[in-house]
Amino acid sequence: MAPNQQNIKCFQRSAWDVMSQSPDFIDGNNPPRHVLDTTPDFIIVKSSPLRIVLVLDVSGSMSSNNRIGILESLATKFIKYTVPDGHFVGIVEFGSGATIKSYLTELGSNYTREYLSNLVPSYTSGSTCIGCGLQSGIQVLEDGGKSARGGILLLITDGQENESPYIDTVKPDLISKGVAVDTIALSSNADDKLATLSNDTRGLSYWESEDQQSTALNDAITATISTRLGKSQSVPIQLVSSKAAIVGGRKDTNSVEIDSTVGKDTVFFFLWSTSVISVILTRPDGNIIDDTSSEYTSDVTKKSVVIAISGIAMSGTWYYEIHSTHSQTVEVAIQSEARDGVEPIHIFSRLSDVLITDTPPNAAIYVQVTQGYSPILHANVTATVERPTPHAPVQVQLYDNGSGIDSTKNDGVYSRQFVEFVSATCPNCRYNVKIKVEARNGLASIPISASNSGRALSIRPPGPKEESNITVPIDDFDRVDTGGAIQAPVTVSDDDEFPPSRIADLRVTGTSYDDQTITLEWTAPGNDLDKGTADGYDLRYSRNFVTFSREFITGEELTDNHVIEGTLSSPSPFGTTETVTVQLPATYENITYFFAIRAFDAANNTAAPSNIISTAIVVSTRSDDDFTTESYFITTADDVDIIAPTEPESESISTTIIVAASVVGAVVLLLYSVCVLVMAKYVCVRPKSAIAPEQPTDFQMSYVNTGV
């Protein structure tokens, strides 16, 4: 019955019951073993520079849609601006066979970066031998007798493999050697084994849909670095990744917020598609950077304009204007690094599944937004999910409200379920997830507490009730990231197969004995999990906790006929706070009620029952005709339920009773004082010989303690 997180989140199941149903232990997995020696073994590891081999497809199909040209430009950006100093990059190209363009080269000087970027292929020919490229990638990692373990192959391809050796032939060697393979499927025609290859080698999987607004290729190439190096000070942080549709003869104006946590090595990157562009950049102080500035570089061969800001970029709003004489799409990428000694704002994106085989398919999207150990609250977090042609992308708003898939409110993790999968003609259809996080008008903030005040973290982190509700506004900011790609089956039913999400924050906000009413609050679920609006609520109560917790339907149902304020038949959209006041049966005895609720939709899909809360009414008799009550109910504050007494809602106990209690207390105190004086005299008049000089007796020790 304890209103703790274990019971609320896990339906009153014990921790072991939950663990025993996990893949580790279910169906007899991993039974207890007889171990003769329990001495632990320690393996000491340390971080080392990244070793990344670009494995690039140059087969004939890469000439379509200027894929090879876009790949050349973005691979050049990766080598020159994304990989931090001290890490290693090699290059392999493959078509009908494979060629090693460069063995691992440590990046540092501008000369080295320029030299390596010039080796990126710009031509196409031949068929597609993906296995050839993978084998050559291993060869690059093992050059000089080194181990390939820990190396990364970044495989970018647009087609189906049609030359041996094949992926399945090479994959066991990759796994045994400990090589991770990040894959980028460039177009919907890319081999459907890529996601499985990444999953089996513990790599990352991405998909470039080639949609007019997609920036997935740039996002994926950048993520190969950012996901590995995490919060390292030297890792570029992506502020903007977008595409601008330019109408010939006109300009496109947009902006980016550079907050005070970043500004070092800031780079504005513009990639045009058909004709040369010019860019005008305006600093927050009004000063202009254009093609006459030393920071401005235009490369006609790579179809790019790069503006590398010298020193520390000024905090504030930067505006950029893109001018083009012809209509075209221009890709924009803006990155910056953390200032020295400053903890920057980071975002980390994850998907619950990348290979979905269950039906109906659904996936959870998680985005953590933090500055150091502090969660960022009230940010605007959206996920854009690109879907198979001809289906348009879908925008999903993520929330940190403790509702639906989001397990904890205000912890900096924004979450949402994605269910809008489609039936299409592609085998194992792919979906790309892009994340955008922004804060405007000073609305974002961080909580101030002992856990993020700058002091060392304590061994026992503060509990929720120890956290302060005080928040401090932070700078407006922009961040982007990629959540990766999802590969799902093509068969998606048109039927409504998803129930509403479970309500996990049902709480009592008020009771009235005189009116025999109780006021309840909760966060509205969706119709399909956390999407849309449910069609109704099933609210029930019981006096038997055990039976009610096992069988929700054993409770007495409350309908709109029992509702004084609010409604149970017309839910609000997901994320809205719902409030109802209901009439309870009249009673004149001490009684405890237990409440739970669930939502349902028009297809009669019902959610799991909510957390169970209670309210207890304690009757204290004042006279034959009057009585007073004291109500106890479970409340939620900071997402942790506590039992808290409310103020009495009838008249207080009579003065006579209070005076009587006071008199009794005075008599007891007087008797106690007399006893103490008698004991003191007994001790003081005893002969000294009767008192051991070295060690006081138990009585003396007790007397001394009591006296003090």
Side-chain angles (χ1 to χ4, degrees), residues 46-56 71-93 99-122 136-137 139-146 150-154 156 182 218 221-239 262-271 281 289 291 293-313 333-342 344:
K46 64 178 182 180
S47 62
S48 60
L50 294 179
R51 295 174 297 146
I52 301 174
V53 182
L54 300 178
V55 183
L56 308 178
L71 176 59
E72 180 189 10
S73 298
L74 293 178
T76 298
K77 170 182 174 287
F78 176 78
I79 293 170
K80 294 179 70 172
Y81 301 105
T82 302
V83 183
D85 290 346
H87 299 278
F88 295 80
V89 174
I91 301 175
V92 169
E93 65 179 33
T99 303
I100 297 175
K101 302 289 291 185
S102 172
Y103 286 92
L104 290 174
T105 302
E106 183 177 359
L107 299 184
S109 66
N110 290 335
Y111 172 81
T112 302
R113 292 177 183 272
E114 190 70 33
Y115 168 77
L116 196 62
S117 64
N118 288 332
L119 298 177
V120 175
S122 58
S136 295
Q139 186 179 341
V140 170
L141 292 172
E142 293 181 333
D143 181 54
K146 296 182 176 63
I152 302 166
L153 303 185
L154 177 53
I156 306 176
D182 289 0
N218 173 65
I221 292 175
T222 303
T224 297
I225 295 294
S226 61
T227 55
R228 264 68 181 221
L229 297 182
K231 296 185 177 182
S232 171
Q233 288 289 110
S234 61
V235 176
I237 297 171
Q238 290 285 100
L239 308 184
V262 295
K264 183 179 177 182
D265 293 334
T266 303
V267 180
F268 291 73
F269 183 87
F270 303 88
L271 174 65
L281 195 60
I289 299 175
D291 55 6
S293 305
S294 60
E295 299 165 305
Y296 187 107
T297 303
S298 179
D299 188 333
V300 177
T301 303
K302 302 291 175 62
K303 296 184 177 180
S304 64
V305 169
V306 178
I307 303 176
I309 307 301
S310 59
I312 302 297
I334 304 172
Q335 66 185 39
S336 187
E337 294 181 14
R339 301 188 184 209
D340 292 336
V342 177

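- How far CG of L116 is from CD1 of I91: 4.0 Å, rounded to the nearest 0.5 Å.
- The shortest distance between side-chain heavy atoms of I309 and I289 falls below 4.5 Å.
- By the ring-ring contact (aromatic ring centres under 6.0 Å, His included) test, Y296 pairs with no residue at all, sequence neighbours left out.
- No side-chain donor-acceptor contact under 3.5 Å links Q139 to the backbone of I100.
- F78 has its side chain within reach of L54: a pair of non-hydrogen atoms, C-beta onward, lies under 4.5 Å apart.
- No option in I221, V306, T82 other than T82 meets the side-chain contact (heavy atoms from CB on, under 4.5 Å) test with K77.
- Minimum heavy-atom separation, S336 to L239: CB-CD1, 4.0 Å.
- Annotation: side chain to side chain contact (heavy atoms under 4.5 Å, CB included) contacts of I312 (sequence neighbours excluded): K264, R339.
- The side chain to side chain donor-acceptor pair (under 3.5 Å) pairs that include a residue from residues 298-307 are T76-K302, where partners are two or more places apart or lie in different chains.
- Between E93 atom CD and I156 atom CD1 the span is 13.5 Å, to the nearest 0.5 Å.
- Rounded to the nearest 0.5 angstrom, D265 CG and I237 CD1 are separated by 11.5 Å.
- The CG atom of L119 sits 6.0 Å away from the OG atom of S102 when rounded to the nearest 0.5 Å.
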Scan the side chains in residues 83-90 for donor-acceptor partners under 3.5 Å anywhere in the protein, sequence neighbours excluded, and list what turns up.
from	atom 1	to	atom 2	distance (Å)
D85	OD1	R113	NH2	2.7
H87	ND1	L50	N	2.8

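- In this structure, the side chains of I52 and I225 come closer than 4.5 Å at one or more pairs of heavy atoms.
- Partners of A338 by side chain to side chain contact (heavy atoms under 4.5 Å, CB included), not counting sequence neighbours, listed by chain and number: Q233, P344.
- Listed by chain and residue number, nothing satisfies the ring-ring contact (aromatic ring centres under 6.0 Å, His included) test with F269 (two or more places apart in sequence, or in another chain).
- Without hydrogens or angle criteria, S226 side chain to T224 main chain gives no donor-acceptor distance under 3.5 Å.
- Within the 4.5 Å cutoff, the side chain of R51 has heavy atoms near those of the L141 side chain.
- The main-chain N or O of S310 is found under 3.5 Å from a side-chain atom of E295 such that the two form a donor-acceptor pair.
- For the atom pair I79 CD1 and Y115 OH, the distance stands at 11.5 Å (nearest 0.5 Å).
- For the atom pair CD1 of I334 and CZ of F270, the computed distance is 5.5 Å after rounding to the nearest 0.5 Å.
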